[in-house]
Amino acid sequence: MRVILLGPPGAGKGTQAQLLSTRLGVVAISTGDIFRANVGAGTELGKVAKKYLDTGELVPDEVTMAMVRERLAADDVVAGYLLDGFPRTTMQAQGLDEHLASVGQPLDGVLEIQVPTEELVARLSGRGRRDDSPETVRRRLEVYTEQTAPLVDYYHAQGLLHAIPGVGAVEEVTERAIGALSAARSS
Ligand code: AMP
C-alpha cells in the first residue's frame, strides 16, 4: 500500500506514520527525518539542507526529489510505504506522479490530517525540536499554507484524498486513518 500523509506541521503525521507503519506492514518515510539525519552526520546533503531547516523554509525541490527518488529505489519499499512530509509542493507532487507512473505503481490514497491552527501552535511550541522556535513555527505554518495546502486540491482532483480529524487521542486518529484507508482500498 502506498500512502501520503498530508497535513500541517504539528498535525501528528510522524506519530501516525509510525503507528500506521506497524499496522499496515509498510515502511514510513519521513523526508524531515532524512534531512535531520544528514544534518547531524554533516553530509553534503546535510550542509545544503541545514539553512532551510533552521529557518522553516523548504529545501529546494531538485534536492528533495533526488533524495526521495533514491529512497524509493531501496528494497524495503516493495510492499509499499507511507510518505510523511513529502510531497510538499506541486512540483514535488508532479515529480512523484511521474516516478509512480514510470514504475507502474499508483498511490492508494492521500490522508489529510486536519487540526485547527490554534491547536497546532500549542502543540509545536511544546515539542522542543530545534526548528520549533516561535518564529520558525510561524514560518513553517505559512509555508504550509502557501506551498503545501494546494496539494489538497491536487489530490482531491485525482480522487485520492481522504480527510480525517487529527484531534483527540492518538489511537483514535489511527483508527480513523485505518478506516479511511480501507475505504480507499475498496473503492
Ligand atoms: P518535518 O520533519 O516534516 O516537519 O520537516 C522539517 C523540515 O525539513 C521542513 O521544515 C523543511 O525545511 C524540510 N523538509 C522536510 N520535507 C521536505 C520536503 N518534502 N520538501 C522540502 N523541504 C522539506
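We count ligands from 1, going down the list as the structure has it; atoms in each ligand are counted the same way.
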(message) Less than 4.5 Å apart, side chain to side chain, heavy atoms only: is that true for K47 and E44?
(response) yes

Indicate every side-chain donor-acceptor pair of residues 148-155 with a distance under 3.5 Å to a residue at least two apart or in another chain.
unit_1	atom_1	unit_2	atom_2	d
T148	OG1	R88	O	2.7
Y154	OH	D97	OD2	2.5

(request) For R69, enumerate each residue passing the side-chain hydrogen bond (donor to acceptor under 3.5 Å, both in side chains) test, keeping only those at least two apart in sequence or located in another chain. (result) none

(request) Could you tell me whether a side-chain N or O of K13 sits under 3.5 Å from a main-chain N or O of G7, the two making a donor and an acceptor? (result) yes

(request) Please check if the side chain of T136 supplies one atom and the backbone of D132 the other of a donor-acceptor pair under 3.5 Å. (result) no

Check ligand 1 against the protein and report each N/O to N/O distance under 3.5 Å, formatted as atom name, atom name, distance.
unit_1	atom_1	unit_2	atom_2	d
ligand 1	2 (O)	R36	NH1	3.0
ligand 1	2 (O)	R36	NH2	2.9
ligand 1	2 (O)	R129	NH1	3.4
ligand 1	2 (O)	R129	NH2	3.4
ligand 1	3 (O)	R88	NH1	3.0
ligand 1	3 (O)	R88	NH2	3.2
ligand 1	4 (O)	R88	NH2	3.3
ligand 1	4 (O)	R129	NH2	3.2
ligand 1	5 (O)	R88	NH2	3.4
ligand 1	12 (O)	E57	O	2.6
ligand 1	16 (N)	T31	OG1	2.8
ligand 1	16 (N)	G85	O	3.3
ligand 1	16 (N)	R88	NH1	3.0
ligand 1	19 (N)	G85	O	2.9
ligand 1	19 (N)	Q92	OE1	3.0
ligand 1	20 (N)	Q92	NE2	2.9
ligand 1	22 (N)	V59	N	3.1

(request) Mind checking salt bridge (charged side-chain N to carboxylate O under 4.0 Å, His left out) for R2 and listing every partner two or more places apart, or none if nothing turns up? (result) none

